[in-house]
Number of protein chains: 4
Amino acid sequence: MAIRTVVWGENVHEHKNRRVAEVYPQGMHRTIADALNADPAIEATTATLQEPEHGLPAERLARTDVLLWWGHAAHAEVKDEVVERVAEAVWSGMGLLVLHSGHFAKIFKRLMGAPCNLTWREAGERERLWVTSRNHPIAAGLPDHFELPHEEMYGEPFGVPEPLETVFVSWFQGGEVFRSGLTYKRGAGSVFYFRPGHETYPTYHDANVQLVLKNAVKWAHNPAARLSDPTKAPNVPHDKALEPFEKWGATLHEAGEEGFR
Amino acid sequence: MAIRTVVWGENVHEHKNRRVAEVYPQGMHRTIADALNADPAIEATTATLQEPEHGLPAERLARTDVLLWWGHAAHAEVKDEVVERVAEAVWSGMGLLVLHSGHFAKIFKRLMGAPCNLTWREAGERERLWVTSRNHPIAAGLPDHFELPHEEMYGEPFGVPEPLETVFVSWFQGGEVFRSGLTYKRGAGSVFYFRPGHETYPTYHDANVQLVLKNAVKWAHNPAARLSDPTKAPNVPHDKALEPFEKWGATLHEAGEEGFR
Amino acid sequence: MAIRTVVWGENVHEHKNRRVAEVYPQGMHRTIADALNADPAIEATTATLQEPEHGLPAERLARTDVLLWWGHAAHAEVKDEVVERVAEAVWSGMGLLVLHSGHFAKIFKRLMGAPCNLTWREAGERERLWVTSRNHPIAAGLPDHFELPHEEMYGEPFGVPEPLETVFVSWFQGGEVFRSGLTYKRGAGSVFYFRPGHETYPTYHDANVQLVLKNAVKWAHNPAARLSDPTKAPNVPHDKALEPFEKWGATLHEAGEEGFR
Amino acid sequence: MAIRTVVWGENVHEHKNRRVAEVYPQGMHRTIADALNADPAIEATTATLQEPEHGLPAERLARTDVLLWWGHAAHAEVKDEVVERVAEAVWSGMGLLVLHSGHFAKIFKRLMGAPCNLTWREAGERERLWVTSRNHPIAAGLPDHFELPHEEMYGEPFGVPEPLETVFVSWFQGGEVFRSGLTYKRGAGSVFYFRPGHETYPTYHDANVQLVLKNAVKWAHNPAARLSDPTKAPNVPHDKALEPFEKWGATLHEAGEEGFR
C-alpha cells in the first residue's frame with residue numbers, strides 16, 4: 001500500500017503576493033504533493049489552513065502515515081487544539097516533515113521544546129547543500145552536494161535541540177552556514193526538518209529538493225500500527241508485579257487509581 | 001561566587017498527607033535546599049506554588065543559576081505564563097533539574113516536546129540505581145550502584161526524546177527498569193531529569209541522592225552571562241552581508257523588517 | 001530481492017562443550033541463519049572462523065547486505081586483516097549486528113573506539129528485556145517486555161559510546177541492569193548491538209529473540225549502492241573550487257597531490 | 001591546582017618547510033602551549049614525536065589531565081603501543097583535543113572507529129566559523145562567528161560518528177562547509193575535535209582560536225580520579241549477587257574465573 005501522505009500548506013501568500021502566485025499558481029502544497037505523487041510508493045493529498053479544522057480532523061490524521069508542514073505568515077492562526085492533535089499523532093507514530101519557515105510553526109516549536117530561532121536574509125542568494133551523512137536514506141540518489149541558485153538565507157545558531165543525525169549543512173553566498181537537514185524522534189514518530197523552500201523562489205520545482213522530500217517521506221513512514229494512546233501512564237498494581245515482593249509503607253493512591261497529571 | 005540555586009516545591013502533600021508531613025516536616029523543598037547548602041559552592045533558597053507567581057518572578061529567575069523542580073498533585077495549577085518564563089530562562093542559560101513526578105510537570109513536557117509518560121507502582125519496593133556513564137560529573141564520588149530501600153516504581157517505556165547522555169539506569173524489585181538519570185540541552189540551558197523522590201519515602205534524606213543533586217547543580221551551572229533574548233530571530237540585511245553579492249528577485253519583507261512568527 | 005545476510009559464528013564451543021552441542025547441534029550460526037530464513041525478505045548463509053579468511057573474503061563481503069557476528073572464546077584468533085575488511089564494508093554501507101559476547105570481538109571494539117567492557121555472571125538467571133523506544137523498527141511486533149528464563153548476566157557500566165538510540169534495557173534477577181539493544185552508525189553502515197545469546201542457553205531458539213534479529217536485519221539493510229571507497233580523502237584543486245577566489249600563500253602539496261595519511 | 005596539559009606536536013614540517021618555520025619558529029606545539037599558559041588555570045608542557053616514547057611514557061600520561069594532539073606528515077611513525085596507551089588514558093578519564101590534520105592521526109581514528117575522511121584544498125582561503133551551540137563552554141566569550149583570513153579547506157562529508165554536540169560549523173570561501181567543532185565521549189574521557197590549524201598559516205596565533213583551545217581544555221578536564229583499570233570486565237560470582245537466586249544450568253567458567261577477551 002502506498003504511503004498515505006498529507007501536504008499541509010498555509011496557502012496565504014499564494015493569494016496575496018503576485019510573485020508567489022506566479023511560481024506556485026496552484027499553491028505550494030499542490031506543487032509538493034504532485035512531486036511526491038510522481039513516486040508510486042507515495043499517495044499524497046493536501047490540506048490547508050482555510051479548511052475546517054485546517055483540513056486535519058482526527059479521522060484524517062489517523063489515516064495519515066506522513067504529514068508535511070509548510071507555514072510562514074499565519075503561524076498564529078493555527079488552532080492550538082489542532083497542534084496538540086498533530087503532536088499526539090506524531091507521538092503515536094505518524095511521520096512529520098517540517099519545511100523551511102515551518103521552523104517557527106507551532107507544531108515544530110511544540111515538538112522541539114526549544115526556541116527554534118535563527119538569523120535570516122531575503123536576497124535571492126545561492127545556497128549549496130552538502131550531504132553530511134553519506135548514504136543516509138534521506139540523501140539516497142543525491143550527489144555529495146547540490147545548489148539552489150536563489151534562496152532565502154537562514155543562519156546559525158539554529159535554536160533547536162541536538163538532532164539524532166545531521167543530514168545536510170548549507171553554505172550561503174552571503175557568508176552563513178546552516179544545519180539544513182536534521183532528524184528527530186518524538187514518541188514513536190520520526191521528524192525531519194528541511195530548510196529550503198522560500199515562497200518567492202521556485203525551490204519546490206527543483207529535482208533534488210523533490211528527491212529529498214520523497215526520500216524523507218519513506219524514511220519517516222513507520223509501517224507499525226499506530227499507538228492507541230501515546231500518552232497513557234498505566235498503574236501496575238502491586239499484585240500484578242512481574243516479580244513478587246512484600247509491599248511496604250503508606251500509599252497516596254488506591255490500587256489501580258489514575259496518577260496525577 | 002556560590003551557584004545561586006532555587007528549589008521549587010509544589011508543597012501540597014506535605015500539608016494534606018500525614019506520612020509526607022512526617023518525612024518532610026518542613027517541606028520537601030526545604031530538605032533538598034538544606035542538603036544543597038551543605039556544599040559551600042551552592043547557595044540554595046526555595047520557592048513554592050503558593051507564593052505570588054509561584055515564587056518565580058522574572059527578576060528572581062534572572063538571578064537564578066540553577067532551578068530544581070518537584071511537583072506532583074498540582075501540575076495543572078502552575079500558571080502557563082510562569083512555565084513560559086521558566087522555559088525562556090532555561091533557553092537563556094539557566095540550568096534545570098527535574099525531579100521524580102516532575103516528569104509530568106508542565107515545564108518538563110514543554111521542554112521535551114514529548115509525552116513524558118511511563119508506568120508506575122506505589123508499593124515501597126527496592127530501587128537500585130546503576131551508573132551507566134563512568135566518571136560523569138553528575139556521578140562524581142558515587143559507587144557503581146546504590147540502593148534506595150523503598151521507592152515508587154517508574155517503568156519503561158519512558159516517553160522522552162533520546163537524551164544527550166544516560167547517566168543512571170534503575171533496577172526495581174518488581175521487575176521493571178528505568179532510565180533514571182538523563183541529560184538534555186535546550187537552547188543554552190542544561191537539563192537533568194532524576195527519577196527518585198516519591199513523597200512518602202525519605203529519599204531526599206539519602207546521602208547518595210543528595211550527592212547526585214549537588215553534582216547535578218554544578219553540572220547544570222553555566223557561568224557564562226545569560227543570553228539577553230534567547231528567542232530573537234534577527235534579520236541580516238543584504239547590505240550587511242559578510243560576503244558581498246548581488247541581490248536577486250522580489251522580497252516579502254522590507255530591509256530590516258521583523259520576520260513572521 | 002531478499003536481504004543478503006551472513007551469520008558469522010565462531011563455532012568453537014559447539015565442538016568443545018557438550019551442553020553447547022546439545023543446545024545447538026548444528027552450531028549457533030546455523031540456528032540463527034535458519035531463524036532468519038523463515039522470513040522471505042531475508043536470505044541468510046553462514047561463515048565461520050575455521051574457513052579460509054574466516055569465510056569472509058572481499059568478494060563475499062561485497063555481496064553481503066547485513067552481517068551478524070557471534071564470537072566468544074576465540075576473539076584473538078580473528079585475523080586483523082579480516083577485521084579491517086569488515087570495518088571497511090560497514091563504512092561502505094553494510095549493516096552489522098553484533099551479538100552477546102561479540103561485545104569483545106575485535107570488530108566491535110574497532111568500530112566503537114571504546115573499551116566495550118561490562119560486568120558478568122554465568123548463573124542461568126532470568127533476564128527481562130524492556131523496549132525503551134516504542135515502535136522502533138527493531139522492536140516491531142514485540143510486546144513492551146519479554147523474558148528469557150535463563151541467561152548470562154551482563155551488567156552496567158557498559159563501556160560503549162553513547163548510542164544513537166537505546167532500544168532495549170535488561171533487568172536481571174540478580175540485581176543488575178544493562179542497555180541491551182543499542183544502535184550506532186559508522187560511516188555509511190548501521191550497527192546494532194544485541195545482548196542476549198550465551199551459548200549454554202537456548203536463547204536463539206526463542207521466538208522474541210528471533211523476531212528482534214529479523215527486524216534488525218531489515219533495519220540495518222541499506223538498499224543504496226555500497227560506497228566504492230569509504231576512506232578516500234580527495235583533494236579539490238583550487239581551479240576546481242565551486243566558488244572562484246584568489247589563491248594565497250605557500251602550499252605543502254602540489255595541485256592534485258595525495259594528502260598525508 | 002592548574003589543569004596539567006600536554007601539547008603533543010609532530011614537529012616535522014617546522015624543520016623541513018621554510019614557511020612553517022617562519023610562522024612557528026619554536027614549533028607549533030610551543031606556540032599552542034604558550035597560548036594555554038597565558039591562562040592561570042592551565043599549566044601546559046609539550047611533547048613531540050622525536051622524544052623517547054614520543055614524549056608520552058605511561059607515568060606522564062598518568063599525570064596529564066588534558067592532551068592536545070597535532071600531527072600531519074608522520075601519522076604512520078607514531079608507535080601503536082603509544083596510541084593504545086593514549087586511548088586507555090582517555091578511557092580512564094583524560095581529556096583529548098584533536099587538532100586539524102589530526103583527523104587522520106592514529107589516535108583519532110582509533111577512538112572514532114570510523115574513516116575520519118574529508119575533502120581538502122590548500123589555497124589559503126577565508127574560513128568563517130559559526131557557533132552552533134550558544135553558550136557552550138567551549139564557545140565561552142566568543143562572538144557568534146569569527147574569521148580566519150587564510151586556511152586550508154576541509155569539506156563535508158566528514159567521516160566521523162554523529163557527535164554528542166556540534167559546537168562549530170565552518171563556511172569556506174571556495175564553497176564548502178565543515179562541522180569544525182565536535183564533542184565526543186569515549187569511556188570516561190571527553191574528546192573534542194577542532195578543525196583549524198594548517199601549518200603554513202598563523203592560525204594558532206589567532207586570539208579566537210586560542211580562546212577556543214583554552215575553553216576546550218577546561219571543558220575536557222575531569223577532576224575525578226582517573227579510573228584505575230578502564231577495560232576490566234569483572235566477574236560477579238553467583239554468591240555475591242545483590243539479589244539472591246537459585247543457580248541454573250551448566251557453566252563454561254569456574255566461579256571468579258577471568259572471561260574470554
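We name chains A, B, ... by the order of the sequence lines, and we start the count at 1 in each one.
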Proximity of residues 119-131 of chain B to chain C, residues having a non-hydrogen atom under 4.5 angstrom: B:Arg128, B:Trp130, B:Val131
Heavy-atom contact with chain B under 4.5 Å, split by part of C:Ser133: neither
Residue part contacting chain C, namely of B:Glu165, when any heavy atom lies under 4.5 Å: both
Heavy-atom pair with the smallest gap, counting every atom of B:Trp171 and C:Trp171: NE1-NE1, 3.1 Å
Interface residues of residues 179-211 of chain C facing chain B - non-hydrogen atoms under 4.5 Å apart: C:Arg179
Criterion side chain to side chain contact (heavy atoms under 4.5 Å, CB included) against C:Val169, the qualifying member of B:Thr132, B:Val169, B:Thr166: B:Val169
Per-residue contacts, residues 134-154 of chain C versus chain B, heavy atoms under 4.5 Å: C:Arg134, C:Asp144
Which atoms of B:Phe178 approach chain C - backbone, side chain, both or neither, heavy atom under 4.5 Å: neither
Contact listing (chain B partner; residues 94-105 of chain C; heavy atom under 4.5 Å): none
